[in-house]
Amino acid sequence: MALHKIFRAVIMGPPGSGKGTVSARITKTFGLKHLSSGDILRANINAKTELGLLMKSCIDQGQLVPDDVMSRLILSDLRALDQSSWLLDGFPRTVSQADALDKAYSVDTVINLNVPFQTIKQRLTSRWTHLPSGRVYNVDFNPPKVPGLDDVTGEPLVQRDDDTPETVTRRLKAYETQTDDCKNVFPYRSKGVLQSFSGTETNKIWPHIEAFLHSKLSSVDEKCEDL
Ligand code: G5P
Ligand code: MG
């Protein structure tokens, strides 16, 4: 689908709810640029940047990175995408981050994934990731063509350090208290741009998200042509 107007979207949801999986489908279908806060942090850790080294222990312990660090990092990456439509995955996660984003950009839609925590715990222990691209696989759900290797580059897949059962429990707790419990204070529900999708299987949720985005993007484009 070719877009005329710039479209800015956010995808939210608990750890392991399928934000990365759904983002890959949205990027492929609608051509938005995908920016994942977790992928950016892991790229910094991998490249052993000063920021990466400082943030690694936070991430490995399942805690959120401080708001000021995260907001500065994401807003500076977004500035490079000023002329593009984008999809932000994993940011914002706190009221302070949502306010920082709101000051800089008006977001057209926020997709919120609701997946039960029990389903998530099973998924994350069988996830394999290609760190340079952020592509994710799952032993049961979407296995790589060759076990242990990325489909596109043939490079090795790894298990994330924060996918141990104990850290997953801590990440879910952080999500509950710092994101989910505060969602009404984020500027999205009041602006009428928050849309939730619930379920236990991405393949069942995806057609609803796809239809929703098709109608949302057509209406944004029509409004643009009317100007
Ligand atoms: P991340 O990297 O943003 P999380 O914890 O928010 O990490 P995560 O783990 O990346 O989210 P996801 O992207 O929501 O999960 O899910 P996914 O990878 O697509 O799917 C999970 C697994 O399930 C995969 O193996 C996938 O194949 C499989 N799967 C998908 N659908 C199905 C299905 O229907 N069935 C089955 N069986 N499997 C399925 O953040 C990491 C850390 O970085 C810091 C924090 O420390 C955070 O913990 N951080 C931030 N800190 C502060 N502020 C921020 N904004 C931050 N952003 C990141
Ligand atoms: Mg992810």
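Throughout, numbering of the chain's residues begins at 1 and tracks the sequence. All ligand and atom numbering here is 1-based and tracks the order in the structure. All heavy atoms count here, side chains included; hydrogens, waters and symmetry mates do not. Not measured: the values here are computed from a predicted model.
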Element-labelled atoms of ligand 1 that are located less than 4.0 Å from some non-hydrogen atom of Leu41: 43 (O), 44 (C), 49 (N), 58 (C)
Main-chain N/O of Gly90 paired with Arg93 side-chain donor or acceptor, under 3.5 Å: yes
Within-cut-off N or O pair, Ser17 and ligand 1, under 3.5 Å: yes
Side-chain donor-acceptor pair present, Thr164, Thr167, cut-off under 3.5 Å: yes
Salt bridge (Lys or Arg N to Asp or Glu O under 4.0 Å) contacts in which one or both residues fall within residues 38-47, not counting sequence neighbours: Asp39-Arg42
Close side-chain approach of Thr109 to Val10, heavy-atom, < 4.5 Å: no
Under 4.5 Å side-chain linkage, directly or through intermediates, the cluster mates of Val146: Leu149
Sub-4.0 Å atoms of ligand 1 with respect to non-hydrogen atoms of Gln97: 52 (C), 53 (N), 54 (C), 55 (N)
Heavy atom of the protein closest to atom 23 (O) of ligand 1 (residue, atom name, distance): Arg123 CD, 3.3 Å
Full working for salt bridge (charged side-chain N to carboxylate O under 4.0 Å, His left out) between Asp163 and Arg127: CA-CA 8 Å; Asp163 274 350; Arg127 168 166 64 184; 3.0 Å; yes
Enumerated ligand 1 atoms positioned under 4.0 Å from heavy atoms of Arg160: 1 (P), 2 (O), 7 (O), 8 (P), 9 (O), 10 (O), 41 (C)
Atoms of ligand 1 close to Pro14 [distance to a heavy atom under 4.0 angstrom, numbered from 1]: 14 (O)
Residue Arg171 vicinity, atoms of ligand 1 by number, heavy atom under 4.0 Å: 4 (P), 5 (O), 7 (O), 8 (P), 9 (O), 48 (O)
Heteroatom distance test (Gly90, ligand 1): nitrogen or oxygen, under 3.5 angstrom: yes
Note, Leu81 side chain near Leu35 side chain (heavy atom, < 4.5 Å): yes
Pair Asp161-Lys56, salt bridge (charged side-chain N to carboxylate O under 4.0 Å, His left out): steps then yes or no: CA-CA 10 Å; Asp161 290 340; Lys56 184 172 169 29; 3.1 Å; yes
N or O contact, Asp39 vs ligand 1, cut-off under 3.5 Å: no
Asp108 and Lys216 ion-paired at < 4.0 Å: no
Which of the ligand 1 atoms, numbered from 1, are nearer than 4.0 Å to a heavy atom of Gln63: 45 (C), 46 (O)
Val115 backbone acceptor or donor facing Thr119 side chain under 3.5 Å: no
Ligand 1 N/O within reach of Asn203 N/O, cut-off under 3.5 Å: no
Any N/O pair Met70/ligand 1 closer than 3.5 Å: no
Heavy-atom check, side chain of His130 versus side chain of Glu155, under 4.5 Å: yes
Heavy atom of the protein closest to atom 18 (O) of ligand 1 (residue, atom name, distance): Arg127 NH1, 2.7 Å
Atoms in ligand 1 flagged as close to Arg42, the criterion being non-hydrogen separation under 4.0 Å: 2 (O), 41 (C)
Side-chain (Glu210) to main-chain (Trp206) donor-acceptor, under 3.5 angstrom: no
Steps toward salt bridge (charged side-chain N to carboxylate O under 4.0 Å, His left out) verdict (Asp162, Arg171): CA-CA 9 Å; Asp162 60 348; Arg171 284 160 60 199; 3.8 Å; yes
Side-chain touch Pro92/Tyr188, heavy atoms, less than 4.5 angstrom: yes
Sub-6.0 Å ring centroid separation between His214 and Phe30: yes
Ligand-residue contact atoms, ligand 1 with Thr202, heavy atoms, under 4.0 Å: 30 (C), 31 (N), 32 (C), 33 (C), 34 (O)
Backbone or side-chain N or O of Glu201 under 3.5 Å from ligand 1 N or O: no
Protein contact to atom 19 (O) of ligand 1 [nearest heavy atom, distance to 0.1 Å]: Thr21 OG1, 2.6 Å
Step-by-step salt bridge (charged side-chain N to carboxylate O under 4.0 Å, His left out) determination, Asp140 to Arg123: CA-CA 9 Å; Asp140 317 301; Arg123 284 181 186 181; over 6 Å; no
Option set Arg93, Gln178, Lys19, Arg135, criterion heavy-atom distance to atom 1 (P) of ligand 1, minimum: Arg93
Atom 35 (N) of ligand 1: the protein heavy-atom neighbour that sits closest, reported with distance to 0.1 Å: Phe141 CD1, 3.4 Å
Closest approach of any protein heavy atom to atom 42 (C) of ligand 1, naming residue and atom: Ile59 CG2, 3.9 Å
Minimum-distance protein heavy atom relative to atom 16 (O) of ligand 1: Gly18 N, 3.1 Å
For atom 15 (O) of ligand 1, the protein heavy atom that lies nearest, with its residue and separation: Gly16 N, 2.8 Å
Part of Tyr175 with heavy atoms under 4.0 Å of ligand 1, whether side chain, backbone, both or neither: neither
Geometric N/O contact Asn142 with ligand 1, under 3.5 angstrom: yes
Minimum-distance protein heavy atom relative to atom 57 (N) of ligand 1: Ser37 OG, 2.7 Å
Contact check: Pro92 vs ligand 1, nitrogen or oxygen atoms, below 3.5 angstrom: no
Nitrogen or oxygen atoms of Gly20 and ligand 1 under 3.5 Å apart: yes
